Amino acid sequence: MPAKTTCFNLLTKFLAPSRGTIRYNGRDITAAKPADVARLGIVRSFQISAVFPHLTALQNVRIGLQRTRRDNFHFWRSKRTLDTLNGRAEALLADVGLADCAHVAAVELPYGRKRSLEIATTLALDPEMLLLDEPMAGMGREDVERATKLIRRVAADRTVLMVEHNLGVVADLCDTITVMTRGRTLAEGDYATVARNPEVQQAYLGVGDG
C-alpha cells in the first residue's frame, strides 16, 4: 500500500501507478487524466498551499465555482457576468473565517489563512470525495477549530479522506483511522482503539513493553 501523500497522488493521477489498477465507484480510472478525475468528483488539497497568489480570496473561490458553468466560451463575455457567483463565494469564505478577506490578494494572507482559503476553493468544486493532505498545517488554534467544524459539517454528505498530524483534530473528526508504517497497515479502527494498540505506541511513540 502506498504512503499517505503517494496515495493521494495516485488517486488524483498526479502519479502514474507502476502496476495494478485504480477504481472509483466501480470505474477504472487508471489511465484517466487529473482533470477527468476531478470531474468525477475526486478533489484534493495539498500540503503546500496551492492558491492563485495575485487574485483576491473571492476570485480564488470563484474560479472553483466556475466549474458549474457550462459555457465553454465564457471568456468572450464581460467578467461582470461572474458576479452571480459572488454570493456563494462569500458564503464559503465566511465558512472558513475569511469573510473580512474577500478582497485581499491571496499573497497578502498569512500562511494559516492561505490554508483556509484552499479549503474554501476545494469545497467550491463540490467534491464527492474530498482528499485533505494535512489541512491544519500552519494554522493557528482559532483557525484549526473553525476548519475542524467545517470539515465535520461537509463530511456529512461526502467521503473525506484526510492525512493529519494534529492528533486532537484526528480524535475529533475521524470515524476510522488507518495507521501505517513502512508501507504496511499497522492498525485500523476508531481513535481509542488505535491509540491503545501497543504496535502503534511502539512505532510512533517509542513505548516499549514495559
Side-chain angles (χ1 to χ4, degrees), residues 5 8 12 14 34-35 37-166 168-169 172-173:
T5 299
F8 281 17
T12 53
F14 283 85
V37 171
R39 291 188 188 99
L40 291 175
I42 303 177
V43 179
R44 69 174 291 185
S45 70
F46 294 83
Q47 287 184 356
I48 300 174
S49 183
V51 295
F52 295 102
H54 299 295
L55 296 182
T56 66
L58 179 71
Q59 290 169 334
N60 268 273
V61 177
R62 202 167 61 180
I63 286 174
L65 293 172
Q66 284 177 242
R67 178 177 176 269
T68 61
R69 302 178 71 97
R70 298 183 179 276
D71 187 349
N72 292 331
F73 297 97
H74 184 78
F75 55 84
W76 292 116
R77 299 183 179 181
S78 168
K79 64 180 181 180
R80 289 192 299 273
T81 61
L82 296 177
D83 290 346
T84 58
L85 302 174
N86 287 353
R88 176 59 179 152
E90 289 168 352
L92 285 168
L93 289 172
D95 282 342
V96 297
L98 294 177
D100 58 340
C101 300
H103 301 291
V104 176
V107 71
E108 297 176 12
L109 296 174
Y111 182 77
R113 294 219 151 185
K114 285 190 180 76
R115 300 292 294 175
S116 297
L117 176 58
E118 187 179 10
I119 292 176
T121 58
T122 302
L123 291 174
L125 295 169
D126 193 24
E128 182 179 85
M129 183 174 187
L130 181 59
L131 310 179
L132 298 175
D133 200 351
E134 300 187 28
M136 310 300 175
M139 286 190 180
R141 180 176 177 180
E142 182 178 337
D143 289 329
V144 167
E145 291 177 355
R146 184 182 293 111
T148 300
K149 291 177 182 178
L150 175 62
I151 292 170
R152 184 188 299 111
R153 187 166 74 249
V154 301
D157 56 359
R158 58 172 54 85
T159 299
V160 176
L161 181 60
M162 183 172 71
V163 176
E164 180 55 56
H165 296 296
N166 185 323
V169 173
D172 191 17
L173 281 180

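All heavy atoms count here, side chains included; hydrogens, waters and symmetry mates do not. A quick note: this is a predicted structure, and the numbers were derived from the prediction, not measured.
For Gln66 against Leu85, the heavy-atom pair with the smallest separation is CG-CD1, 3.8 Å. Heavy atoms only, all atoms of each residue included: Phe52 and Ala106 are closest at O-CB, 3.5 Å. The nearest pair of heavy atoms linking Leu123 to Leu92 is CB-CD2, 4.1 Å. Heavy-atom minimum distance, Met139 versus Ser116: CE-OG, 3.5 Å. Nearest approach of Phe8 to Leu161, heavy atoms of both residues: CZ-O, 3.4 Å. Of all heavy-atom pairs between Gly112 and Asp143, the closest is C-OD2, 4.4 Å.
A distance of 11.0 Å separates CG in Asp133 from CE in Met162, rounded to the nearest 0.5 Å. Taking CG of Leu98 as the reference point, atom CZ of Arg113 lies at 5.5 Å (rounded to 0.5 Å). The line from CZ of Arg44 to OG1 of Thr12 is 4.5 Å long, rounded to the nearest 0.5 Å. For the atom pair CG (Leu40) and CD (Glu128), the distance works out to 8.5 Å, reported to the nearest 0.5 Å. Rounding to the nearest 0.5 Å gives a distance of 7.0 Å between CZ of Arg62 and OG1 of Thr56. Distance check: Leu65 CG to Gln59 CD gives 12.5 Å after rounding to the nearest 0.5 Å.
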Would you list the atom pairs, donor with acceptor, under 3.5 Å between side chains in residues 150-157 and any protein atom, with sequence neighbours excluded?
from   : atom 1 : to     : atom 2 : distance (Å)
Arg152 : NH2    : Asp172 : OD1    : 2.9
Arg152 : NH2    : Asp172 : OD2    : 2.6
Arg153 : NH2    : Asp95  : OD1    : 3.3

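With respect to the salt-bridge test (charged N to carboxylate O, under 4.0 angstrom), the residues Lys114 and Glu118 do not qualify.
Put simply, the side chain of Leu58 reaches to within 4.5 Å of the side chain of Asn86, judged on heavy atoms. For the pair Leu117/Val61, a side-chain contact is recorded, criterion being any heavy-atom separation below 4.5 Å from C-beta on.
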(request) Check the pair Thr148, Met136 against side chain to side chain contact (heavy atoms under 4.5 Å, CB included), reporting the backbone distance first and the verdict last. (result) CA-CA 9 Å; Thr148 300; Met136 310 300 175; 3.6 Å; yes

(request) With side chain to side chain contact (heavy atoms under 4.5 Å, CB included) as the test, would you mind laying out the steps for Thr121 and Ile63 before giving the verdict? (result) CA-CA 8 Å; Thr121 58; Ile63 286 174; over 6 Å; no

(message) What verdict does the salt bridge (Lys or Arg N to Asp or Glu O under 4.0 Å) test give for Lys149 and Glu145, after you've listed the backbone C-alpha separation in whole Å, the side-chain angles of each residue and the deciding distance to 0.1 Å?
(response) CA-CA 6 Å; Lys149 291 177 182 178; Glu145 291 177 355; 5.8 Å; no

